[in-house]
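Take a look at the structure below.
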Amino acid sequence: MVRSRSRILLVEDDDPTREGMTALLEDAGYTVQSVGVFDDGRRFLAEDPPDLLIADVRLGRYNGLQLVATSSRGVPSIMVTGFPDPALRAEALKLGAHYITKPIAPEAFLTLVESTIVSARR
């Protein structure tokens, strides 16, 4: 298990969703930096890249996939959305990111988080 050593950056503009996901991840043993706006996410990615990026697809006028595409360090990523879109899903997969839709089953989400981190460390 790598949870206690893993740092996650969560970029989600919906306060209740961000708070719930942060609590779920922290309760599972992860260190979570959560932010509500694209610019903060981009800054944290550049200054101190995490072990995993989890970002909402829709972040105000931005698309969370821009965080994945512009990250110079290739941070493993999970894109989360409440709006399924085959074109965005294809783009996420092309960038190497997982793409999941809300609502999220907590155990399945934590399993995906863990497996993504473990795969990236190999």
Side-chain angles (χ1 to χ4, degrees):
M1 179 184 293
V2 296
R3 292 180 182 177
S4 63
R5 297 181 304 273
S6 298
R7 295 178 313 110
I8 296 173
L9 173 60
L10 173 63
V11 186
E12 168 62 63
D13 60 353
D14 180 69
D15 292 340
T17 301
R18 185 176 63 254
E19 291 163 7
M21 291 176 77
T22 298
L24 175 68
L25 292 163
E26 287 178 343
D27 288 348
Y30 296 104
T31 301
V32 181
Q33 173 67 53
S34 63
V35 297
V37 295
F38 178 88
D39 289 336
D40 288 344
R42 184 174 54 196
R43 182 172 48 84
F44 279 108
L45 274 174
E47 291 174 0
D48 189 20
D51 298 306
L52 177 67
L53 167 67
I54 301 172
D56 192 358
V57 171
R58 294 185 180 183
L59 294 169
R61 66 179 195 242
Y62 294 100
N63 179 323
L65 286 171
Q66 290 171 291
L67 291 170
V68 178
T70 60
S71 172
S72 63
R73 297 195 172 107
V75 174
S77 305
I78 299 173
M79 302 308 302
V80 181
T81 185
F83 306 95
D85 181 320
L88 286 175
R89 182 180 192 283
E91 185 64 23
L93 295 175
K94 184 174 144 185
L95 292 169
H98 294 277
Y99 184 91
I100 59 174
T101 56
K102 300 172 191 172
I104 301 166
E107 285 304 315
F109 178 64
L110 290 175
T111 298
L112 177 61
V113 167
E114 185 75 5
S115 67
T116 302
I117 292 170
V118 168
S119 292
R121 287 189 174 171
R122 287 188 185 142

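These numbers come from the heavy atoms of this one structure, side chains and all, not from hydrogens, waters or symmetry mates. This structure is a prediction, so every number in the text was calculated from the model and none was measured.
Under the 4.5 Å side-chain criterion, counting only non-hydrogen atoms from C-beta, L10 is not in contact with L53. Here the side chains of L110 and L24 are in contact, with some heavy-atom distance below 4.5 Å. Between Q33 and I8, every side-chain heavy-atom pair lies at or beyond the 4.5 Å cut-off. Within the 4.5 Å cutoff, the side chain of D13 has heavy atoms near those of the D56 side chain. Using a 4.5 Å heavy-atom cutoff, the side chains of V80 and M21 are in contact. Contact annotation: the side chain of Y62 approaches that of D39 to within less than 4.5 Å [non-hydrogen atoms, C-beta and beyond]. Contact of the L52 side chain with the Y30 side chain is not registered, since no non-hydrogen atoms from C-beta on lie closer than 4.5 Å. Between V11 and I54 the shortest side-chain heavy-atom distance does not fall below 4.5 Å.
Seen from the ring of F83, R58 counts as a face-on cation partner, given the 6.0 Å and 45° thresholds.
Atoms CG and OG1, on L65 and T81 in that order, are 9.5 Å from each other to the nearest 0.5 Å. The distance from atom CD of E19 to atom OG of S34, rounded to the nearest 0.5 Å, is 8.0 Å. Atoms CD1 and OG, from I78 and S115 in turn, are 7.0 Å apart once rounded to the nearest 0.5 Å.
Electrostatic pairing of D51 and R5 does not count as a salt bridge here, judged by no charged N lying under 4.0 Å from a carboxylate O. Taking the charged nitrogens against the carboxylate oxygens, E12 and K102 do have a contact shorter than 4.0 Å, which makes a salt bridge.
In this structure a side-chain-to-backbone donor-acceptor pair under 3.5 Å is missing from R121 to T116. Side-chain N or O atoms of S77 include one that pairs as donor or acceptor with a backbone N or O of V75 at under 3.5 Å. At distances below 3.5 Å, not a single donor-acceptor pair connects side-chain atoms of R7 with backbone N or O atoms of T31. Side-chain atoms of Q66 come within 3.5 Å of backbone atoms of N63 as a donor-acceptor pair (strictly under, hydrogens ignored).
Across D85 and Y99, no two heavy atoms sit closer than the pair N-OH, 3.3 Å. Scanning both residues, M79 and A92, for their nearest heavy atoms gives CG-CB, 4.3 Å. Minimum heavy-atom separation, G41 to L9: O-CD2, 3.6 Å.
The number of heavy atoms from other shown groups lying within 6.0 Å of NZ (K94) does not exceed 12.
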Legend entry - Steps toward side chain to side chain contact (heavy atoms under 4.5 Å, CB included) verdict (L67, R42): CA-CA 6 Å; L67 291 170; R42 184 174 54 196; 3.9 Å; yes
